[in-house]
Amino acid sequence: GAGVSQSPRYKVAKRGQDVALRCDPISGHVSLFWYQQALGQGPEFLTYFQNEAQLDKSGLPSDRFFAERPEGSVSTLKIQRTQQEDSAVYLCASSRLAANTGELFFGEGSRLTVL
Amino acid sequence: KNQVEQSPQSLIILEGKNCTLQCNYTVSPFSNLRWYKQDTGRGPVSLTIMTFSENTKSNGRYTATLDADTKQSSLHITASQLSDSASYICVVERGGGNKLTFGTGTQLKVEL
């Protein structure tokens, strides 16, 4: 596609529900990143994929967070048993190159609100 | 601890005026420094990327400077427009890894 596409744009979940956020990166981009952005803050790293391999998941805040990119293109970030502190914008970004050295293109984000 | 600090936290200027945003970092080893513009409700968009050897880079009315010795960067916006209203985020990539450290951003509002 022309840009990084994320869905849903907005998600409201009751505490304890599971949610799945989708990221469709730019076609052919090797690297894919997930970030969490709280209101008024900069994005915080969650996890990084190089093709289908999840090379770094050190930013995932708990074992309730899980990400996958099974075919090296579309990625899904899953949050199980959502808590109020999970409320944030989840940004996906992709890069043509391996690792960060190349230009990073961000999606519009998925805004999650946990009630 | 690798950190990126930005100032001011917020800024209001009149249309047509210039402004300068500041970024100090402690990220080490340094690979590159980026400035992003993030409109409300949108994802960040890259403005400039500077490596260690570059001390200035322009993108239209945006000019970024980098002093790798003092670990400081600035983003200068010339002849501001209403559409410049956004959050401007300074981001530093650490050498040898794939981690970007983001600042909390400067919220700029351009008014008539």
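Protein chains get the first letters and strands the later ones, always in sequence-line order, with residue 1 at the start of each. All values reported here derive from a predicted model rather than from experimental measurement.
- Side-chain contact between Pro43(A) and Val91(B) is absent, with no heavy-atom pair separated by less than 4.5 Å.
- Cluster note: Trp34(A) groups with Val19(A), Leu21(A), Leu32(A), Leu46(A), Phe49(A), Leu60(A), Phe65(A), Leu77(A), Ile79(A), Tyr90(A), Leu112(A), Val114(A) through ILVMFWY side-chain heavy atoms spaced under 4.5 Å, whether in direct contact or through intervening members.
- Residue Gln6(B) does not touch chain A at all, counting heavy-atom pairs closer than 4.5 Å.
- Inter-residue side-chain proximity for Leu100(B) and Tyr35(A) is flagged as met; some heavy-atom pair is nearer than 4.5 Å.
- Tyr62(B) and Leu33(B) fall within a single hydrophobic cluster, where Ile, Leu, Val, Met, Phe, Trp and Tyr are joined by side-chain heavy atoms under 4.5 Å apart, directly or via other members.
- In this structure, Glu44(A) places its CD atom where only 12 or fewer heavy-atom neighbours from other residues, nucleotides or ligands lie under 6.0 Å away.
- Atom CG of Leu82(B) has more than 12 heavy atoms from other residues, nucleotides or ligands within 6.0 Å.
- Leu55(A) and Phe45(A) fall within the same hydrophobic cluster, where Ile, Leu, Val, Met, Phe, Trp and Tyr residues are linked whenever their side-chain heavy atoms come under 4.5 Å apart, directly or through other members.
- Here Lys11(A) pairs with nothing under the salt bridge (Lys or Arg N to Asp or Glu O under 4.0 Å) rule; sequence neighbours left out.
- Among residues two or more places apart in sequence or in another chain, the side-chain contact (heavy atoms from CB on, under 4.5 Å) test is passed with Val12(A) by Thr113(A), Leu115(A).
- Within a 6.0 Å sphere centred on CZ of Arg64(A), other residues, nucleotides and ligands contribute more than 12 heavy atoms.
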Practice problem: Mind running side chain to side chain contact (heavy atoms under 4.5 Å, CB included) on Tyr36(B) and Leu104(A) for me, showing each step along the way? | Solution: CA-CA 10 Å; Tyr36(B) 284 87; Leu104(A) 213 53; 3.4 Å; yes
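- Atom NZ of Lys57(B) is surrounded by more than 12 heavy atoms from other residues, nucleotides or ligands within 6.0 Å.
- Cluster annotation: Val110(B) is not connected to Ile12(B) through the hydrophobic network of ILVMFWY side chains, with a link wherever side-chain heavy atoms come within less than 4.5 Å.
- Heavy-atom pairs under 4.5 Å with chain B peak, among Cys92(A), Gly42(A), Ser58(A), Gly40(A), at Gly42(A).
- When the heavy atoms of residues 69-76 of chain A are compared with those of chain B, none of the residues falls under 4.5 Å.
- Counting heavy atoms from C-beta on, the side chains of Leu91(A) and Arg42(B) never come closer than 4.5 Å.
- The structure places CD of Gln38(B) at 4.0 Å from CD of Gln37(A), a figure rounded to the nearest 0.5 Å.
- Considering OG of Ser46(B) and CZ of Phe106(A), their distance stands at 9.0 Å, rounded to 0.5 Å.
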